[in-house]
Structures are given as structure tokens and as C-alpha cells.
Number of protein chains: 2
Amino acid sequence: MKNEMGKNIDTITEIRGFNRFYTNILGLLEKDLYGSGYSLSEARVLFEISKTENCTAVQLCNTLKMDRGYMSRIISKFEKNGLISRRESETDSRAFNIQLTAGGNRLFHELNERSNQQIEDLLLKLNEDEKLKLLKSMETVKKYLTKATANILIRPYKKSDISYVIDRQLSLYETERHFTSEVWKTYLKQGVLELLEKFDPRKDCMLILEYNANPAGCVAITHTDDDTAQYRYYFVEPELRGIGVGHRLLEEALSFCKEKKYRHIFLWTVSAQETARSLYSKAGFTLTESHENNDWGVPVTEEKWEKDL
Amino acid sequence: MKNEMGKNIDTITEIRGFNRFYTNILGLLEKDLYGSGYSLSEARVLFEISKTENCTAVQLCNTLKMDRGYMSRIISKFEKNGLISRRESETDSRAFNIQLTAGGNRLFHELNERSNQQIEDLLLKLNEDEKLKLLKSMETVKKYLTKATANILIRPYKKSDISYVIDRQLSLYETERHFTSEVWKTYLKQGVLELLEKFDPRKDCMLILEYNANPAGCVAITHTDDDTAQYRYYFVEPELRGIGVGHRLLEEALSFCKEKKYRHIFLWTVSAQETARSLYSKAGFTLTESHENNDWGVPVTEEKWEKDL
DNA sequence: CAAAACAGTTGACAAAGGCAACTTTCTATT
DNA sequence: AATAGAAAGTTGCCTTTGTCAACTGTTTTG
């Protein structure tokens, strides 16, 4: 039913019903933190610290949408309780990098255990088929609500993004592609640093994808010669995949190339990067070359894709 | 992946990820209440009052899982602000029935408008297909999580349940079946009251389905003669349908009949009650009679279903 | 009929968190 | 190179939100 203003009021009502429902569910689950001495907000911060390597307070504020003052106090409490350690950021002496101490990890795992147990108890009431459907549906809800609520921005890189671009890419390639060799790590780091040294704003660019004010993806264009651009360091955070932001990033990079009068663009990828490959193909790239490579810690087929502009 | 204890740790992790995600989403949406002068909890209470006819404070505490003291204060505030009126319950002079005043309704609609607008804005970013998938998935998540978390109890009726059984059934039949005639209303009320008058614990029973400590369904058995039971007043709250509780209620009633040595059971329903019909059929009832009835405000085909015990 | 359970209220108190001013550092602009 | 504006983080002040336990009066139950 659409009402006079063309609003899909039934859909809205259903979604709001779901939100009320989930408010209850979450309220129920939170109770479990009670004996721990930490609040839901604190547990969320702890969790976020544990999953974000080298995080800073602002980053935490952005992702958890919490007040800076409040965050500052939570972090102080954590430090006093020996859960985290801080060291001044190498790139910004206003900021601190936060990491869990052994004690922090212990608490983290303890809280995790509780939460896992709690969810497990719930799952006992469902059979395998129901669990599967539940999971699939949660995935779908997450995907579309991410799409609907995501605060996405694509902007030129800042000095402070570099460590993100390097560290995050190393970590993603390690967990997703099992690239573990030192050769690979050095190759990536050197590549990025070289890009910066030789950076020419008339021909090069490095774009950062921002999600809720935090970096969440990247792409760079470097010049091989005046007519030939290389497309590099392209990645998007897993949670943002499948909602079209990777495509936007690619488009931005291509439009930069056109603006800079490149005639030709190429990139190297590995054959297992299915989603990236299909994006390249859709954008008009064609596969022109491929060879085996055993230097990255796992054997891969590297592919060259090219496109005329 | 199952770990050494047989836990489905991946599923648990995914679900917890979804919970963290939704905590963020809800946090985002709550911000919208800010200017209203009412908190999220207050808004939830207001919403619950508006949707529950004749609700009491405990009921609200049960469904929203809030503290009694806190609830008491919220209700006082609402009354002081002219949003609700209270009158002593007819059946329990400790309790009050709460209803929205015109002013309460006004605020309620205002808050609704805001929330609707907010959701509508989100939906702009999705196409029709995505909206549909989102909705379907939310339905599924809700269904299975209801099943997994529901606190279900089936117990004999108490005096205080009677008004629920009558009012709720009238209201459900009106919205779902368009039974609107006074004849119908009187028929139902009289029927229930007569059941109580003639109630014989050796042959009759009335079972209440409880969901989170509130009544959420019913079934009654009355004796036609020593060998013949009639199955009546069978209904389950919409939000609890499809998760097997209706079936449990039916089973409880049948096992009561067996215990009381009935030889035969029958019931009347209307042909449009698809889900109930299929439950009856699965439980071994057979359709033995049917006729048209125009007395309930809408023409229906009434059906008699019977079963030997 | 007594004991236990229950609906609701109240006081005392703690936790949660918003807001704004302030310091120091960084970035952009001229 | 100078400077203004923005940003990271801290702190004080304050309100709101929520918990807990004791208390009154009523209902239910054995």
C-alpha cells in the first residue's frame, strides 16, 4: 500500500517493527554483561579496539558514534585497569595508537566466551535449516542496511592515510589470500612509499574511500608514461563489499585518468580475486597477459588487465 | 567450522557481528528522538501503550523488560503531561488500565511521523527489489529469533485473563476476518461467560499461552457430554505464529481431553482460517460439515472438524 | 484464613553520557 | 614563513537514565 504521498508506508511500518523487535533482543543480550564490571559501551569499545589494529580514539568515536569526552574517559579507565596500552602515533603526535595488553585480551576473551555461550543457548532452539536461514537473512539485512545508511565519501589521500593503506592491505591479503612472504610485504610497502616519493599531482592520485569518517578502502593511479596509467592498491573493506562502493571507487579513478588525458590504463591482479575481476571486465578492461608467481607465500596466477581510454 | 566442543562457532560469530551492527543502526535511529523531550524508553512505552488496549504497568514491564520503579515514574510523567489516563482495573484493584489521551495520541503520531520519515530517507537508497529482499529477510530474522528467545508457557486461565481472551479475540477477528457485527460480539462474549459459569474442572479447561509473562493466546475445552469435547477460543498472537506454539497449544488441549477420558472432540472454524485448518488436519481432525453464515458481518463458510480420541 | 505472590510507588543512589571549554598539534592558505 | 582554522584528546559540569530495595495495599493459593 502506498499512501497519497507515494510513501511505501507498509514497508516503513515493517522495518520499524523490526527495529522495535531488535531493540528488545539486544536489551535481552546486554543483560549478560552485568557481572563483568563493564558496560555495553565499554564492551563495544573493547571489541572495536581488538579488531582494529593501531586504532585511535577518534576512529573509535566514528565507528561507534560515541562522544569524544566519554570515549576519553573509557580509554583512561581501560588504561588504568591495564587493559590497553597507548603509544604516541608516529604520524600525528596529537593522537595515540591503542592496543590491547595481555590483560585486555584476557578480558576480551572472557566477554567473548560469555556472549558466545549466550548465542549458543539460543541456537539450541533452532534446527540446522533454521539456523542457516537465520544467518542468510541477517547477512541480507546487514548488506542492505549498510547500503542504506552508509556514509560514503571518496577523497584524496592525506599523509595520515598511508599507514592505513599499507597495514590494512597487508592484513587483508594475509587473511583472504594467504600472502605471507616477506618478499610480498616489502614489495607492497616499497611500492606505496615509492609512489609517494615520486608523486606528481598532475599525473598521479591516491583516493581514499571513507566510511563513517574512517578510511575503508583505497585506489591509486600512477603514471608509467604520459599516456599510460597504472591502477593500483585497490581494495575495499569486507563489510562494504557488494553494495556498489567498489564500483564507485573504480569509476572515480577512471574519471581521474580521463581528466589527466591518459590514453591507456592497466593493472595487475591475481586470478582468485573474482569480484575485482568482474568489476574490471564490466568497466571495459580485458585480460591481456597472465603468469604464475610463487613469491607471495602462496602460488598465484597473476593477470594483467588493460583498457583504452 | 565446528570447534572441538561441537559449537558452531562461525554461526555464533556471524550472529554476534549482526548484533553489533544492529546496535549501531539503532543508535543511529534513536538520535532522531532527541528534540522530542522524550527518551527512547519513554517512546517505547508510549508505543506499547498505543498498541495494547487496556494495558497495565506490569504488562509494559514484561514486554519491554523494564524495571517496575522506572516504569512507574515514566507513567507518572506521562499522566502529568496529559498523555495518558488511568482507571482502576475492573478485575484487580491493585492495577490500572492505561490508555492514551487525545494529547498522547497527538504526540504518538508526531513521533511516528519522524520515525517514518527517517526510515523513508533510508529507503531512498534502495531500489524496489532491494527493499523487498530487506523486508523478507527481516521477517525471517524476526521469526527465528522469536522462536529462539521466546519465553513460552502454557498454563490454566486465571480470572484476570478473561478480559484478555474476549477483547483480544474480538479485535483479532475484526482486523483479520472483518467480523464486525454486534451479533458476533455478543455471541463471543456470551460464550466465554457461559463457559465460566458452567465451568467444571473435571471436564473443562481454558489454557493460556504466555509469552514473556503476558498472555498471548488461548484455547478452551468444554464438555458437550461426558464423551464429547468441544475445542474453542483458539487463537495465537500474530507475532507468535509460524514458530510452533499454536501446535503446542493444540497438543496440550488434546492431551487434556485424553486425560479426561473424552472419546470424541469437535470444533467449529471458518474456511478462511488456513493455518488453523492445516493444524487441525495434521492433528487428525477431519472436516465433517460446512455451511454458510452471514451473521458475523461478512459472509463466511463455517466448518465442523471432528476427531476420535 | 494465613502465607505468598503480585501491582504499584517511592527514596536513595550509581551509571551513562551529553556539552562546552581548553591544550596541543596539524593542515591549508596566503 | 605566518597564521587561522580544524582536529585529537582531556576535563569539569551537569542531566538523564536506570537500578535496587523497602514499603503499601490487594489478590491468590494451599
Side-chain angles (χ1 to χ4, degrees), chain A residues 23 27 30-31 33-45 54-62 64-80 84 86-98 155-162 201 210 213-215, chain B residues 23 27 30-31 33-45 54-62 64-80 84 86-98 155-162 201 208 210 213-214:
Chain A
T23 305
E30 280 165 30
K31 300 262 147 95
L33 285 165
Y34 274 17
S36 72
Y38 292 91
S39 71
L40 173 65
S41 296
E42 289 169 332
R44 290 173 73 204
V45 173
N54 275 325
C55 70
T56 65
V58 227
Q59 264 175 44
L60 294 171
C61 289
N62 289 338
L64 300 176
K65 302 210 173 65
M66 287 169 58
D67 176 73
R68 282 178 305 146
Y70 191 31
M71 182 62 75
S72 177
R73 272 183 257 263
I74 289 180
I75 289 174
S76 301
K77 179 177 170 187
F78 281 180
E79 196 171 29
K80 208 178 64 191
I84 59 161
R86 295 198 278 186
R87 62 163 199 284
E88 213 173 67
S89 159
E90 285 156 26
T91 49
D92 185 341
S93 59
R94 294 170 303 178
F96 299 93
N97 285 329
I98 300 168
R155 56 157 180 79
Y157 84 100
K158 289 184 283 193
K159 223 177 56 186
S160 54
D161 296 316
I162 300 309
E210 246 185 30
N214 284 336
Chain B
T23 305
E30 280 164 30
K31 301 260 146 95
L33 284 165
Y34 274 16
S36 72
Y38 292 90
S39 71
L40 173 64
S41 296
E42 289 169 332
R44 291 173 74 204
V45 173
N54 275 324
C55 70
T56 64
V58 227
Q59 265 174 46
L60 295 170
C61 290
N62 289 337
L64 300 175
K65 302 210 173 66
M66 286 170 58
D67 175 75
R68 282 177 307 146
Y70 191 30
M71 182 62 74
S72 177
R73 273 183 255 264
I74 290 180
I75 289 173
S76 301
K77 178 177 171 188
F78 281 180
E79 197 170 30
K80 208 177 65 190
I84 60 160
R86 295 197 279 186
R87 60 164 200 284
E88 213 174 66
S89 159
E90 285 155 26
T91 49
D92 186 339
S93 59
R94 293 170 303 180
F96 299 92
N97 286 328
I98 300 169
R155 57 155 178 81
Y157 85 100
K158 288 183 283 191
K159 227 177 54 186
S160 55
D161 296 317
I162 301 307
I208 299 294
E210 247 185 28
N214 283 337

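FYI, side chains are in, hydrogens and waters are out, and symmetry mates aren't considered; it's all heavy atoms of this structure. The model shown is predicted, which means the values in this text are computed figures rather than measured ones. Just so it is clear: chains get the letters A, B, ... in the order the sequence lines come, proteins before strands, and each one is counted from 1.
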TODO: First locate atom CD1 of Ile74(B), then atom CZ of Arg44(B), and finally report the distance between them rounded to the nearest 0.5 Å.
DONE: 9.5 Å

TODO: Assess whether atom NZ of Lys65(A) is packed by more than 12 heavy atoms of other residues, nucleotides or ligands within 6.0 Å.
DONE: yes

Given atom [atom1] of [X] and atom [atom2] of [N], what is their separation to the nearest angstrom?
| X | N | atom1 | atom2 | answer |
| --- | --- | --- | --- | --- |
| Ile74(A) | dT10(D) | CD1 | P | 12 Å |
| Leu64(A) | dA16(C) | CG | C1' | 15 Å |
| Arg94(A) | dG5(D) | CZ | C1' | 12 Å |
| Ile98(B) | dG8(C) | CD1 | C1' | 10 Å |
| Asn62(B) | dA7(C) | CG | P | 8 Å |
| Arg155(A) | dA7(D) | CZ | C1' | 13 Å |
| Asp92(B) | dG8(C) | CG | C1' | 10 Å |
| Phe78(B) | dG8(C) | CZ | C1' | 17 Å |

With a 4.0 Å limit, can you tell me whether [X] has a side-chain N or O closer than that to the phosphate oxygens OP1/OP2 of [N]?
| X | N | value |
| --- | --- | --- |
| Ser93(A) | dC26(C) | yes |
| Ser89(B) | dA7(C) | no |
| Arg86(A) | dT10(D) | yes |
| Lys159(A) | dT27(C) | yes |
| Ser41(B) | dG18(D) | yes |

- [ ] Identify whether any heavy atom of Thr56(A) sits under 4.0 Å from a base atom; if not, whether one sits that close to sugar-phosphate; answer base, sugar-phosphate or nothing.
- [x] sugar-phosphate

- [ ] May I ask you to say what Asp67(A) touches in the nucleic acid, namely base, sugar-phosphate or nothing, with a heavy-atom cut-off under 4.0 Å?
- [x] base

Task: Val58(A), nearest nucleotide to its side chain (from dT10(D), dA16(C), dG9(D)) - done: dG9(D)

- [ ] Choose from dT25(C), dA16(C), dA21(C) the nucleotide whose nearest atom is closest to any side-chain atom of Tyr70(A).
- [x] dA16(C)

- [ ] Test for a donor-acceptor pair under 3.5 Å between the base of dG18(D) and the side chain of Arg44(B), counting only N and O atoms.
- [x] no

Open item on the list: Would the base of dG11(C) count as contacting Arg73(B) through its side chain, where contact means a donor and an acceptor less than 3.5 Å apart?
Closed with: yes

Task: 5′-ward residue of the pair Lys31(B)/Ser76(B) relative to DNA chain C - done: Ser76(B)

- [ ] Go through the steps to decide whether Phe78(A) and Val45(A) satisfy the test side chain to side chain contact (heavy atoms under 4.5 Å, CB included), and finish with yes or no.
- [x] CA-CA 10 Å; Phe78(A) 281 180; Val45(A) 173; 3.8 Å; yes

Open item on the list: Using salt bridge (Lys or Arg N to Asp or Glu O under 4.0 Å), reason through Asp92(A) and Lys158(A) one step at a time and then give a plain yes or no.
Closed with: CA-CA 12 Å; Asp92(A) 185 341; Lys158(A) 289 184 283 193; over 6 Å; no

Open item on the list: If the threshold is 4.0 Å, N to carboxylate O, is there a salt bridge linking Arg73(A) and Asp67(A)?
Closed with: no

